[in-house]
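Before any comments, here is the structure.
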Amino acid sequence: MFQSSKRGEVVELGEELQSASNVSQRRSVVKRIIAAMTVGKDVSPLFTEVLKCIQTKDLELKKLVYLYIISYARTHPEASILAVNTFVKDATDPDNPLVRALAIRTMGCLRVEAITEYICEPLSASFKDEDAYVRKAAALAVAKLYDLDPELCHDQGFVRSLREMLLDQNPAVVGNACAALGDIAKMSSKKGIPGMNDEIANHLLAALPDANEWAQAYILGALANYNPTEGKEPTVGTEDTMLALERVFPRLQHANPAVSTAAIRVIVNFVRFIQDAEKRESVLQRLAPPLVTLMSGPCEIQYITLRNIPLLLRLSPNLLSSPTRVRAFFCKYTDPLYVKLEKLDVLVQLATPETIGNILAELKECAHEVDVEFARKSVRSIGKLALRMPTKLVPACVKELLSLIETGVNYVVQEIVVVMRDIFRVYPGKYESVIGKLCSHIESFDEPNARASLAWIVGEYADRIDNSTEIMEWYSDTFVDESPIVQLAVLTAVVKLFINVRDEDSMAVTHTVLKKATEEVDDPDVRDRAYLYWRLLAASPDEAKDIVLATKPPISVDDTLVDMDLVKRLLPYVGSLASVLRRPPEALTGVGKKIGEGLEDEEEDYLDEEEKVEEEGEEEGEMEEPAKESADEGDGDMLDDLLEDLGVSYDTKPKQPTHKPEQPPTITPKAEPKAGDDDLLSSLGFQASPSPSGHVDVGLTSLEYDCRLTKPVPLTQSQGLSIAASFTKMSGKPVVVFIVKNDKQSSVSGLAIQFNKNAFGLGAEKPILSIPGGSIAPGTTSQVRCVLVRNSNPSKPATPQALMQMQVALKTPSSDQLIFSFNLPAHLVLSVYGVPVSDFEEMWKAMASAERTVATPFPPNISPVSVLSISARFTGSGLSKITDRKVADVSSALFSTHFPLGATKVPCLVRVDVNETQKKIKVVVRSRSAVVVPHLMGTIGLLLKA
Amino acid sequence: MIKSIFVVDSTQNVIAERHFFGVIDRSILTRFFETAHRGEPVIELGANYVIPISVKDVQFIAITDEESSPMMVITFLHRISGLARLYFDDVTAKVLKDNFITVYQLIDEICDGGHPMNTEPNVISTLVDPTSRSAAKSATEEIHDKKLPTECMTAIPWRGGGITHSRNNVYFDIVENVDAVIDSSGVSSSASVRGHIDMKCNLSGTPDLLLEFSDPSALSDCCLHPCVRLKRFEEQKVVSFIPPDGVSRLLSYRSARMSAAIPFYTTPTVMWNGKNKSGRLKLSCGTRGGYEASGVTIRIPMGEGINIGTVDVNTGKTAVDIKARVLEWKVGSVSSDLKPELKVIIENEEGEGKPKQLPVASVRFSCVQKRSLSGLHIRKLTLSREKYKFFKGVKYIIRAGKFEVRF
């Protein structure tokens with residue numbers, strides 16, 4: 001099937017199809033045609049022949065022809081119009097519902113806007129079809145159509161018909177209606193299905209037992225956002241909630257993980273409506289068996305379960321703590337690494353005094369595994385346990401760590417040092433016997449973190465370790481070559497040694513280290529700290545003692561999900577992609593979508609005009625925006641009260657901006673010359689203010705973008721040609737789009753573009769780029785898209801300011817070269833650099849010397865302005881978010897990235913503060929190298945403006 | 001909902017791709033394979049989310065760009081692979097390549113607009129011809145005017161209509177996997193059971209079965225086949241269901257209770273010479289209650305610092321991996337009259353002192369019994385709706401799960 005590529009194959013296939021005498025022969029020929037098409041052969045001459053085959057009663061052949069048409073329409077959209085009559089005919093086939101359903105289903109898959117109007121009539125008819133199989137297909141067809149043309153769906157009343165389908169007598173139809181409405185809600189960035197009421201919810205609950213497994217999952221998905229207590233007395237509300245829950249509980253035992261997880265989500269959402277705490281707990285307890293069952297499923301299912309368990313444990317901490325259940329989370333040696341690592345996290349959170357023995361034994365076993373990453377994390381997990389458990393159980397954990405030191409495996413011992421440092425911080429003066437054992441391995445430590453930790457321990461216990469001076473001497477020998485975190489730790493340690501021991505040797509070693517630090521070390525932080533200590537010791541050793549040996553603030557246990565705020569937001573979405581990725585749910589919906597029109601309008605558009613009037617009459621403005629808002633608020637309050645008992649509170653509403661900012665942003669990044677010249681841009685014929693989503697159409701689908709295309713930057717204007725450039729990333733590669741406008745009277749042809757060398761060694765894939773189409777007519781523009789690849793050695797920039805500069809030559813027909821340069825926005829070359837939350841502070845401090853801060857009022861093009869919407873703008877740019885937090889009115893997001901500089905990559909950190917009261921954004925950029933800071937700041941400005 | 005599905009072989013070539021909305025370029029796969037990850041089933045890639053599963057040398061990859069239930073997507077991908085196995089007997093890149101049109105047809109049949117539809121093999125096999133049979137069929141017959149399969153829209157999508165068997169019988173296998181840790185004195189320090197009931201059903205028509213247990217309290221953390229009436233199980237702990245034809249897993253459960261002794265035992269000993277430089281490791285095993293255990297394999301990772309010397313067994317075969325310090329003993333079948341024994345000379349590499357860690361052996365066995373370990377027992381099976389006599393058989397199988405023996 002794959003190899004034969006004779007010249008006349010297509011002709012041959014056509015002849016065979018014509019001469020095929022029966023259905024089965026035709027089937028096999030059509031199969032071969034599809035096969036040929038899939039491997040890229042041009043089978044368009046056969047289109048009409050194949051289309052003829054559709055007039056058959058054989059369903060399999062019909063499906064094959066449909067499959068052919070769908071695949072064919074992808075490359076030849078115009079051809080599908082030829083097939084549309086057949087579809088319409090099939091959709092009204094009086095005899096066979098399967099044919100009708102198939103036609104409705106396939107029409108939706110064509111995705112050609114030209115034919116949408118033909119679909120409407122048969123689709124409307126199929127809503128009323130007597131056969132459920134057809135109605136079922138019609139439900140999903142609406143969702144497909146909505147993706148192409150939402151307005152049409154509203155105008156034709158399809159969305160309303162879909163809502164009526166929720167009350168269909170057939171459970172499969174109900175299921176598909178739920179699925180379709182769910183899709184539509186997502187496409188229009190809504191939370192859940194609007195207009196859900198008791199009648200619909202009851203019907204859905206009744207349909208559950210008879211629906212097939214997938215339909216059950218869709219129905220449960222639709223129920224997740226339903227509030228059974230709405231507008232009821234509290235006691236009645238609780239009762240109704242319990243009744244609904246009773247009908248959901250059996251689904252927990254369903255063998256299909258999609259169903260049991262959907263049931264878990266409904267329960268998590270409903271449990272907050274129950275008034276009585278005891279009842280609530282007993283409902284939550286029912287979640288344990290399905291979770292344990294999921295843990296015996298395929299490893300992918302286990303992973304999703306493991307990512308969600310920490311969320312559920314916040315609701316009910318002892319959910320899975322019984323010894324038999326804990327066992328389900330022990331590592332099997334056939335488990336893939338990603339499952340094992342998650343299991344460790346969960347085990348730490350499950351431990352209780354009752355099960356800690358088993359869990360410690362398991363963790364110890366894991367620490368013996370050959371996989372280094374896994375073994376290390378096992379050690380860290382024992383450390384976390386020690387910090388989580390009540391004081392009397394800590395010795396057990398330390399004992400396990402001790403026995404692991406005995407194995408002498410280098411990376412294990414180094415990890416233990418780091419873990420022990422934290423234990424010493426929490427329990428000062430205990431477990432000192434471990435110190436000697438740790439110190440005996442010092443020679444083999446090669447990781448900065450372990451070396452720094454040991455230095456800290458030695459400094460802290462300088463007076464109780466016999467050979468502390470010796471150890472510090474050992475550190476002082478290699479001091480200059482150490483990394484800054486070790487140097488800082490050693491500095492502090494020698495000062496502690498000096499203060500605590502104060503003999504000649506210790507003074508000598510302190511002196512050596514301070515001298516080296518001030519004279520030989522380049523890192524300004526280390527130098528500064530050394531000077532500080534030196535002066536402090538010189539001025540008054542006693543005061544130095546008070547400062548250096550001051551009581552340290554308690555440290556907090558590093559949990560996997562530190563961010564309570566995020567937990568609150570994720571809980572209602574348990575089992576979703578957001579919860580697995582631990583990303584705010586809003587960040588996942590609508591990404592890369594083109595719903596530009598204001599949200600408020602959408603909200604109203606969502607229901608059909610007449611419908612809205614009805615609703616208003618019946619139920620007090622349920623659908624009206626202000627009323628809904630207040631209902632939500634009431635809801636939220638109740639939730640918060642309730643979850644306070646559980647130690648959790650939900651944040652139900654994403655924050656919305658209360659007013660629109662008037663001022664444009666004042667970030668004027670260096671990387672953007674002449675920014676904001678809207679007049680110039682529009683005079684050039686460019687879209688001065690791009691479409692709301694910020695996309696400029698350059699013939700790419702939105703799916704291909706890694707990050708947004710920036711506003712075109714005008715570059716040069718000469719000889720009647722104006723050139724502008726905008727930038728984006730595609731498939732992770734930097735892309736420049738040159739927009740050339742011809743202002744001359746005659747058309748210009750023979751233009752070519754060539755790149756000069758630059759600091760990144762980037763250039764176009766082909767040495768010389770030509771204008772697509774060959775020439776530009778007078779008064780029009782043409783776009784040259786150019787993917788930048790690394791194809792030469794980086795050259796050294798003339799000045800640090802010229803780092804981002806790229807020189808480009810435009811060859812004109814008169815064969816003069818027009819040379820212009822522009823600054824490459826840094827986000828095109830940034831690479832992802834992950835920093836653990838715990839390391840951020842330290843790094844941030846270490847980079848204080850190279851900093852730049854810009855404050856600006858809320859930019860008008862971002863709405864609402866929030867940490868989220870800003871982070872979304874950085875998606876794909878190489879800036880990866882580490883975490884976000886909120887202090888008073890200021891919410892901040894922290895990002896990290898790698899900036900390429902010559903052959904090295906410079907770590908950079910960025911903090912974005914959003915001040916709600918002052919309506920200001922503050923961006924702080926820090927880096928190891930001062931050179932890159934202004935460029936990074938510039939690119940952030942561009943991203944925010946895009 | 002799923003936007004696109006790719007089926008990819010181990011060299012990252014696309015075997016099949018299906019797009020439910022706009023076409024997502026194959027370049028996303030290149031990016032996916034280039035992204036550093038550990039094989040997690042959810043990967044974020046720009047605005048897209050990639051959800052892959054691996055089956056042998058094939059990866060089934062779903063792509064979406066919005067919130068969708070990962071459980072649903074993953075389960076659905078497993079169903080595709082399950083159907084492929086049913087159709088082609090095996091899921092390998094070669095088999096799928098040879099039958100890729102059928103793969104397209106299957107995906108098309110069970111997925112509409114990115115949503116999983118009916119994935120029951122019984123129904124699908126009536127809609128898409130299984131290739132193994134289609135060759136014979138196409139030569140002789142022509143399928144005219146196929147009507148809607150009745151099970152498409154009924155409440156029992158897992159069972160086709162008009163099933164007849166010349167002999168009516170139904171078999172149940174109650175399989176229990178024991179997770180246990182046996183300490184050096186041969187006593188189990190902790191044990192629990194993961195069990196499931198597999199069913200092979202050859203009953204004609206539409207039988208309605210009711211399975212009752214003598215002591216259903218042995219069941220906890222149950223997971224039931226979709227055919228089981230959940231409400232009834234919840235309330236009465238009886239399994240009432242219309243069975244799918246052929247082999248299926250009726251229910252799986254866990255049990256912390258052990259109502260009988262584990263039918264397989266081991267006695268591990270380690271003796272060290274005076275100076276502990278070398279020692280003898282002995283392990284014997286056997287069965288209790290006159291049962292026979294089959295497929296017995298004992299794997300002993302010796303741990304750091306212990307070298308394996310001469311190995312002596314009275315039955316079975318041994319294999320030693322010197323480098324990994326692992327000894328594997330394939331014992332085979334063990335009955336009550338045979339007492340297999342393993343003797344190994346071991347050496348402490350570091351010379352003096354007892355080794356830091358003693359080995360832990362993992363054991364595999366399988367044993368057919370007259371009763372289950374957890375005490376789960378089928379008391380009664382009744383058939384309604386159909387009136388014929390049928391044969392029923394129950395087998396209790398005990399297997400080692402995570403079964404560890406500490407020295």
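Note on naming: letters A, B, ... go to the chains in the order of the sequence lines (proteins, then strands), and numbering restarts at 1 for each one. Below, all heavy atoms of this structure are taken into account, side chains as well, without hydrogens, waters or symmetry copies. Model, not experiment: these values are computed from the prediction.
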Quiz item: For the side chain to side chain donor-acceptor pair (under 3.5 Å) test, which of N118(B), T75(B), T119(B) pairs with W214(A)?
Solution: T119(B)
Self-check item: Euclidean distance, F330(A) CZ relative to D179(B) CG, rounded to 0.5 Å
Solution: 10.5 Å
Quiz item: Is the shortest heavy-atom distance from the side chain of M295(A) to the side chain of R254(B) under 4.5 Å?
Solution: no
Quiz item: If you count heavy-atom pairs under 4.5 Å between each of K402(B), E17(B), R229(B) and chain A, which one has the most?
Solution: K402(B)
Exercise. Can you tell which part of L148(A) gets under 4.5 Å to a heavy atom of chain B, answering side chain, backbone, both or neither?
Key: neither
Quiz item: Where on L67(A) is there a heavy atom nearer than 4.5 Å to chain B: the side chain, the backbone, both, or neither?
Solution: side chain
Quiz prompt | Selection from D112(B), V228(B), L224(B), I74(B) maximising heavy-atom pairs under 4.5 Å formed with chain A | solution = D112(B)
Quiz item: What part of I70(A) lies closer than 4.5 angstrom to a heavy atom of chain B: side chain, backbone, both or neither?
Solution: side chain
Quiz item: With respect to chain A, which residue among F21(B), F76(B), F233(B) yields the maximal number of heavy-atom pairs within a distance under 4.5 Å?
Solution: F21(B)
Self-check item: Interface moiety of R251(A) toward chain B, non-hydrogen atoms closer than 4.5 Å
Solution: both
Quiz item: When only pairs under 4.5 Å are counted, which of K63(A), R105(A), Q216(A), K144(A) shares the most heavy-atom pairs with chain B?
Solution: R105(A)
Quiz item: So, do E120(B) and N212(A) sit near enough that their side-chain heavy atoms are less than 4.5 Å apart?
Solution: no
Quiz prompt | Contact class of L294(A) relative to chain B, heavy atoms under 4.5 angstrom | solution = side chain
Self-check item: E235(B) versus chain A, the contacting section by heavy-atom distance below 4.5 Å
Solution: neither
Quiz item: How far apart are the closest heavy atoms of Y338(A) and P41(B), and which atoms are they?
Solution: CE1-CD, 3.5 Å
Self-check item: Largest heavy-atom contact set with chain B, pairs under 4.5 Å, which of L61(A), D183(A), V292(A)
Solution: D183(A)
Quiz item: Of all residues at least two apart in sequence or in a different chain, which pass the side-chain contact (heavy atoms from CB on, under 4.5 Å) check with S362(B)?
Solution: R299(B)
Self-check item: Residue part contacting chain B, namely of A215(A), when any heavy atom lies under 4.5 Å
Solution: neither
Self-check item: Salt bridge present between R307(A) and E40(B) (N-O < 4.0 angstrom)
Solution: no
Quiz item: In terms of heavy-atom proximity below 4.5 Å to chain B, should N176(A) be classed as side chain, backbone, both, or neither?
Solution: side chain
Practice problem: Would you mind reporting whether Y218(A) and P116(B) have side-chain heavy atoms less than 4.5 Å apart? | Solution: yes
Practice problem: Count the heavy-atom pairs under 4.5 Å between each of R247(A), E300(A), E373(A) and chain B, then report the option with the highest count. | Solution: E300(A)
Quiz item: Which atoms form the tightest heavy-atom contact between L577(A) and S68(B), and what is the distance?
Solution: CG-O, 3.4 Å
Quiz item: Are the side chains of R327(A) and S192(B) in touch, meaning some heavy atoms are under 4.5 Å apart?
Solution: yes
Quiz item: Considering all heavy atoms of both residues, which atom of E67(B) and which atom of K186(A) are nearest to each other, and what is their separation?
Solution: O-NZ, 2.7 Å
Exercise. Can you measure from CG (N256(A)) to SG (C223(B)) and round to the nearest 0.5 angstrom?
Key: 9.0 Å
Practice problem: Taking the side chain as every heavy atom from C-beta outward, state whether R325(A) and D221(B) have any atom pair closer than 4.5 Å. | Solution: yes
Quiz item: Contact part of P257(A) toward chain B, heavy-atom cut-off under 4.5 Å: side chain, backbone, both or neither?
Solution: both
Quiz item: Less than 4.5 Å apart, any side-chain heavy atom of L140(A) and any of M117(B)?
Solution: yes
Exercise. List the steps, then state whether side-chain contact (heavy atoms from CB on, under 4.5 Å) holds for D108(B) with Y66(A).
Key: CA-CA 10 Å; D108(B) 215 47; Y66(A) 279 173; over 6 Å; no
Quiz item: Is it the side chain or the backbone of T324(A) that comes within 4.5 Å of chain B heavy atoms, both, or neither?
Solution: both
Practice problem: Identify the heavy atoms of L230(B) and P250(A) that sit nearest to each other, and give their distance. | Solution: CD1-O, 3.1 Å
Quiz item: When rounded to the nearest 0.5 angstrom, what is the spacing between CD1 in I304(A) and CD1 in I51(B)?
Solution: 7.0 Å
Self-check item: Residues, nucleotides or ligands: over 12 heavy atoms within 6.0 Å of K237(B) NZ
Solution: yes
Self-check item: Test item: Y303(A) and P70(B) side chains (from C-beta on) under 4.5 Å apart, heavy atoms
Solution: no
Quiz prompt | Proximal component of T305(A), with respect to chain B [non-hydrogen, under 4.5 Å] | solution = both
Quiz item: Relative to chain A, which segment of L77(B) carries a heavy atom at a distance below 4.5 Å: side chain, backbone, both, or neither?
Solution: neither
Quiz item: Any idea which of A143(A), P298(A), C299(A), S579(A) has the most non-hydrogen atom pairs under 4.5 angstrom with chain B?
Solution: P298(A)
Exercise. Answer with side chain, backbone, both or neither: which region of S576(A) has an atom nearer than 4.5 Å to a non-hydrogen atom of chain B?
Key: both
Practice problem: Take R265(A) and M71(B) through the side-chain contact (heavy atoms from CB on, under 4.5 Å) test and state the conclusion after the steps. | Solution: CA-CA 12 Å; R265(A) 182 167 160 213; M71(B) 286 292 191; over 6 Å; no
Practice problem: Drop me the distance from Q105(B)'s CD to L64(A)'s CG, to the nearest 0.5 angstrom. | Solution: 4.5 Å
Quiz item: Taking S69(B), P226(B), S220(B) one by one, which has the highest count of heavy-atom pairs under 4.5 Å against chain A?
Solution: P226(B)
Quiz item: Counting heavy-atom pairs under 4.5 Å to chain A, which of G39(B), A16(B), G113(B), S252(B) comes out on top?
Solution: G39(B)
Quiz prompt | H225(B) versus chain A, the contacting section by heavy-atom distance below 4.5 Å | solution = backbone
Quiz prompt | Pairwise distance CZ(R32(A)) to CD1(I101(B)) - rounded to 0.5 angstrom | solution = 11.5 Å
Quiz item: Does R79(B) reach the side chain of E213(A), with side-chain heavy atoms less than 4.5 Å apart?
Solution: yes
Practice problem: Go through the structure and list residues passing side-chain contact (heavy atoms from CB on, under 4.5 Å) with P323(A), not counting sequence neighbours. | Solution: E354(A), T355(A)
